[in-house]
Amino acid sequence: MHDLRGKIALVTGAASGIGRAIAEAYANAGATVVVADIAADKARDTANALGDGAMGIAMDVADESHVDEGFARVERERGPVDILVSNAGIQIISPLVDLSFADWKRMLAIHMDGAFLTSRAAMRQMIAAGRGGSIILMGSAHSHVASKFKAPYVAAKHGLLGLARVVAKEGAEHRIRANVICPGFVRTPLVEKQIPEQARELGISEAEVVRDVMLRDTVDAEFTTLQDIADTALFLAGFGSNALTGQSLLVSHGWHMQ
Ligand code: NAD
């Protein structure tokens, strides 16, 4: 199940954090990995570090032509994509009443438009190639629960569940599966940045943000790790049938149980 030799895997936002850990796990499992990130230089550096035919491409997932041209280039230079991990994301912390419309739209563009555009491009290649595929959307525990100051993030992450379910239904006849990974807090740059931001908004210390906000509802007060998410992404990429499709997998130390 963990042998991805002969597979082409495109991971967005793979120049950092969770995406990078997944790209490494896929490369170790034998896949040809495409590191797609808006940070072009970091994407190329990451791909160089992965070796073995890995490819770094500049891609703004919220831009239709970037996405379509990026996928076309991957098909020309490596072949059609078998595995997509739509992972690129940002966070903006703000009370809803202070949130600008521009920031709301930016969040939805990266998280929702990005997931739609990359899923569409991947499905088109997977259907034409006729060899099935796995589409993984990076949700969050916030696909299932809400937190203060994260309105667009929570809305977008909930939305990914709906998108994955439609992809699962439309993809089934082509042996394309779609699932959502829902991590708890993982210490990546995205999370490190929001600890002081949340401390400011809530008027508490950074240690209290970690203990009383981020990890409060976990079963053991522990962060989820990059390895935990990479292992889950490996499992979903290699799963062999439509039995596991349209699901969301919470990997969050029990923060939310469904
Ligand atoms: P990160 O900041 O370490 O990495 C995000 C990557 O996305 C960066 O390399 C960045 O350049 C890239 N990116 C940003 N905007 C982009 C765009 N428009 N097009 C292409 N690439 C873009 O963050 P991370 O923590 O690894 O987060 C990755 C994903 O995991 C996000 O979708 C995030 O919402 C989700 N997630 C993270 C956590 C966590 O605790 N870290 C928890 C749940 C879900």
What I'd like to find out is whether the side chain of I83 reaches to under 4.5 Å of the side chain of L4, using heavy atoms alone. yes
Looking only at heavy atoms, the pair that brings P80 and I8 closest together is O-CG1, 3.4 Å
Pairs where residues 36-47 contributes a residue and the test salt bridge (charged side-chain N to carboxylate O under 4.0 Å, His left out) is met, not counting sequence neighbours: D41-R44
Kindly check if the number of other-residue, nucleotide or ligand heavy atoms within 6.0 Å of NZ (K7) is above 12? no
Quick one: do L137 and S119 satisfy side chain to side chain contact (heavy atoms under 4.5 Å, CB included)? Show the steps, please. CA-CA 9 Å; L137 307 182; S119 295; 3.7 Å; yes
Transitively linked via ILVMFWY side-chain contacts under 4.5 Å: I229 with F235? yes
Going by side-chain hydrogen bond (donor to acceptor under 3.5 Å, both in side chains), name the residues that satisfy it together with D217, two or more places apart in sequence or in a different chain. none
I need the minimum non-hydrogen distance between V11 and G19, along with the two atoms involved. CG1-O, 3.7 Å
For the side chain of N179 and the backbone of L244, is there at least one donor-acceptor N/O pair under 3.5 Å apart? yes
Given side chains that start at C-beta, do those of V81 and V34 come closer than 4.5 Å, heavy atoms only? no
Any donor and acceptor pair, going by atom type alone, linking the side chain of D82 with main-chain N or O of G133 inside 3.5 Å? no
Hydrophobic clusters here meaning ILVMFWY residues chained together by side-chain heavy-atom distances under 4.5 Å, can you tell me if V67 and I176 are in one? yes
Only distances under 3.5 Å count here; give the side-chain donor-acceptor pairs of residues 166-175 to other protein atoms, sequence neighbours excluded, each with its distance to 0.1 Å.
residue	atom	partner	partner atom	Å
R175	NH2	G130	O	3.4

Please find the pair of heavy atoms, one from I18 and one from P183, that lie closest to each other, and give the distance. CD1-CG, 4.4 Å
Salt bridge (charged side-chain N to carboxylate O under 4.0 Å, His left out): which pairs involve residues 62-76, sequence neighbours left out? E64-R120, D68-R120, R73-E77
Does the side chain of I136 reach to within under 4.5 Å of the side chain of L84, using non-hydrogen atoms? no
Taking atom types as modelled, find out whether R78 and T32 have a side-chain donor-acceptor pair closer than 3.5 angstrom. no
CG of L226 to CZ of R20: how many Å apart, nearest 0.5 Å? 10.5 Å
Does a side-chain heavy-atom distance below 4.5 Å link I38 with M59? no
Test side-chain contact (heavy atoms from CB on, under 4.5 Å) applied to F71 and H66, R124, Q125, the passing residue: Q125
Enter the distance from F239:CZ to L234:CG here, rounded to the nearest 0.5 Å. 13.5 Å
Do E24 and L50 make a side-chain contact, defined as non-hydrogen atoms from C-beta onward lying under 4.5 Å apart? yes
Does one side chain, of Q227 or D231, offer a donor that lies under 3.5 Å from an acceptor on the other? yes
Counting only pairs under 3.5 Å, give me each side-chain donor-acceptor contact of residues 94-115, with atom names and distances, residues two or more places apart or in other chains.
residue	atom	partner	partner atom	Å
S100	OG	D103	N	3.0
H111	ND1	K157	NZ	3.4
H111	NE2	I90	N	3.3
H111	NE2	I90	O	2.8

For R177 and S241, which heavy atoms make the closest approach, and how far apart are they? CD-O, 2.6 Å
Could you tell me the separation between the OG atom of S86 and the CZ atom of F116, rounded to the nearest 0.5 Å? 12.0 Å
Say whether V154 and L190 are linked into one hydrophobic cluster, either directly or through other cluster members, by side-chain heavy-atom distances under 4.5 angstrom. no
Please name the residue in the list K193, E192, Q198 that meets the side-chain contact (heavy atoms from CB on, under 4.5 Å) test with I195. E192
Side-chain heavy atoms under 4.5 angstrom apart, residues restricted to Ile, Leu, Val, Met, Phe, Trp, Tyr: same cluster for V251 and Y26? yes
Could you report the tightest heavy-atom contact between T224 and H253, atom names first, then the distance? OG1-CD2, 3.5 Å
Interatomic spacing from OG in S248 to NE2 in H158 - rounded to 0.5 Å: 10.0 Å
Taking the side chain as everything from C-beta on, heavy atoms only, tell me whether I93 gets closer than 4.5 Å to Q91. yes
Correct closest heavy-atom pair for L117 and V61 would be CD1-O, 3.5 Å
Side chains of L10 and V85: closer than 4.5 Å at any heavy-atom pair? no
List the steps and the verdict of side chain to side chain contact (heavy atoms under 4.5 Å, CB included) for F185 and Q194. CA-CA 11 Å; F185 281 101; Q194 65 175 277; 3.8 Å; yes
For side chain to side chain contact (heavy atoms under 4.5 Å, CB included), just list the numbers for M123 and I135, CA-CA rounded to whole Å, side-chain angles, deciding distance to a tenth of an Å, and then say yes or no. CA-CA 8 Å; M123 279 184 88; I135 292 181; 3.6 Å; yes
Check: W255 ring centroid to H142 ring centroid under 6.0 Å: yes
Do L215 and L202 share a hydrophobic cluster (ILVMFWY, side-chain heavy atoms under 4.5 Å, transitive)? yes
Side chain to side chain contact (heavy atoms under 4.5 Å, CB included) between C182 and S140, intermediate numbers included: CA-CA 4 Å; C182 299; S140 164; 5.6 Å; no
Do V186 and F223 touch side chain to side chain, with heavy atoms closer than 4.5 Å? no
List, by chain and then residue number, the residues other than M257 in its hydrophobic cluster (Ile/Leu/Val/Met/Phe/Trp/Tyr, side-chain heavy atoms under 4.5 Å); write none if there are no others. V219
